[in-house]
Amino acid sequence: MDVRVRYAPSPTGLQHIGGIRTALYNYFFARSQGGSFILRVEDTDRERYSDESLEDLYSTLDWLGIRWDEGPVVGGPCGPYIQSERFDLYREYAEQLVREGKAYYCYCSAERLEEVRKQQAESKSEYQGYDRHCAHLTDEERAEYERQGIKPVIRFRVPTEGKTTFHDILMGDITRRNRDISPDPIILKSDGFPTYHLANVIDDHLMGITHIMRAQEWIPSGPLHVLLYQAFGWDVPQYCHLPMVMGKDGQKLSKRHGSTAVRDFRAKGYLPEAIINYVTLVGWSLDGSTEFFTREELEKCFTLSGIHKSPAVFDYKKLDWFNGQYIRAASDERIADLVTPYLQEAGFIHDPATEDEKALIARLVPPVKERMKVLSDAVPLSAFIFRDEPVMDRSVYVAKGSDEEKTVEALSRGSEILLAGLRSGREQAAIEEDLAALAGELGIKVNGVFQPIRVAITNSAVSLPLFDSIGLLGLDETERRLRRGLSILEEKQ
Ligand code: GLU
Ligand code: ZN
């Protein structure tokens, strides 16, 4: 059997981490099995639909390098792959069920349904939901409604007796009493639009889907879907509901935890390979220890058996760590290209960059790369080169364990050691030793000397390594800033 899987998002919002993980698992499973990965757009909910969401779906998958074998744009033998282009088909299938007595027309008005709901709530009735008012209309009753011009919906007849079971690869058998399934759900709305359940089941069947991998929140829909497959006389695909992605607090991952839209991660400067690697590990592992996977490796080694049963925590710090690793592994040229837009956005350089600016970026990248977690970190880390905004708050110059007086002396004498050393071409290590000796003499830690020097030169307490910063600024500018730092510290308050 050839594996055929699909990612079937509804374009009602931006692609988020959880959705993308579903896409990746489907994609990697298809690739590892030599099967097909299908993209299907489930846009039956026209009220929540947005063009922006659809654009975001395509551009996110494109950015991640996830190509679909069949789907919108590329087409395929089971198309169209956008549900709104398949509406006639759903109506035909719904009417087939009506002819077979497995579904029926319902003419109830919104007011009537609301009244039923209210009464059920008031009587605290165990029975909730549609009261099957139209389940057994006579031909005359139907004709009367039709005469009144009422457009019916089609409801699926859910058995009131018995149980429905479906098998889930991860969770095992899941059984539900039929009477607990929402009574007779609408499968076709009065305007002819299918609801999610009908369209989803028909398409999975017609598209030959063998495995349904989707979020666990769809488990409650499972029994109804199985009943629909049975009503049509179709085989039920294999189910594999994926563990929830949650924040550190055990709640479903949401905006409260931080960014969830992949687009936001991209904007901040995460690399696609870091997102692919880390997101895949949220709920899956190969052997419990291997952490680094390229997309190509996952295309070979992904297995369903590696998917965890329990909810998985999305750890932003861990993603930062992965991203830092991938940034350092990337070539300087690539990082230079990738940070350029951030520097332009910050107004540091021209767009397009001049030759001089390009040369500066090339010098900047090696030290900056070492300290970046995300590409946008290039802006604060390199700001001192493009903008000269001295730190006026004297306390920033003072390291832990030192004081203002010692800091003045450290900066004043340290600057002399540094400048004299650099001008006479001494080794960096030798200069550092002398600065450490000065700290010893002043009775402070080494950082008590380095911190004021660093703050004076880079206008910040967090910055690139000192000698890299000096290299980027040049000696004259370094000297000017050191002297200015001293005058800031010495200024009488
Ligand atoms: N359109 C549904 C969603 O957005 C698809 C669910 C499924 O995969 O069956 O989650
Ligand atoms: Zn009705």
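The shown structure was predicted, so the numbers you read here are calculated from the model rather than taken from an experiment. In listed order, ligands and their atoms are each counted from 1.
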For [atom], closest protein heavy-atom neighbour:
atom                    : answer
atom 10 (O) of ligand 1 : Trp218 NE1, 3.2 Å
atom 8 (O) of ligand 1  : Arg6 NH1, 2.6 Å
atom 5 (C) of ligand 1  : Ala8 O, 3.2 Å
atom 1 (N) of ligand 1  : Glu42 OE1, 2.6 Å

* **Backbone or side-chain N/O/S of Tyr107 under 2.8 Å of the Zn ion (ligand 2)** =>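 False for Tyr107.
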* **N/O/S from His133 sitting under 2.8 Å away from the Zn ion (ligand 2)** =>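 So His133 does not count as coordinating the Zn ion (ligand 2).
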* Any Lys/Arg nitrogen of Arg6 or Asp69 sitting under 4.0 Å from an Asp/Glu carboxylate oxygen of the other? ->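 Result for this pair is no, no salt bridge flagged.
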* Asked: Taking atom NZ of Lys252 as the centre, does the number of heavy atoms from other residues, nucleotides or ligands within less than 6.0 Å exceed 12?
  ->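 Open: at most 12 neighbouring heavy atoms sit under 6.0 Å from NZ of Lys252.
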* For atom CD of Glu100, decide whether the heavy atoms of other residues, nucleotides or ligands shown that lie under 6.0 angstrom number more than 12. =>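 Correct, the count exceeds 12.
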Distance-only polar pair, side chains of [X] and [Y], donor-acceptor under 3.5 Å:
X      : Y      : value
Glu161 : Asn178 : no
Gln148 : Glu144 : yes
Asp184 : Tyr104 : yes

* Counting only heavy atoms, which portion of Asn200 has something under 4.0 Å from ligand 1: side chain, backbone, both, or neither? ->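 For Asn200, only side-chain atoms sit under 4.0 Å from ligand 1.
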* For atom 6 (C) of ligand 1, the option (of Tyr196, Tyr7, Tyr239) bearing the nearest heavy atom ->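 Looking at heavy atoms only, the winner is Tyr196.
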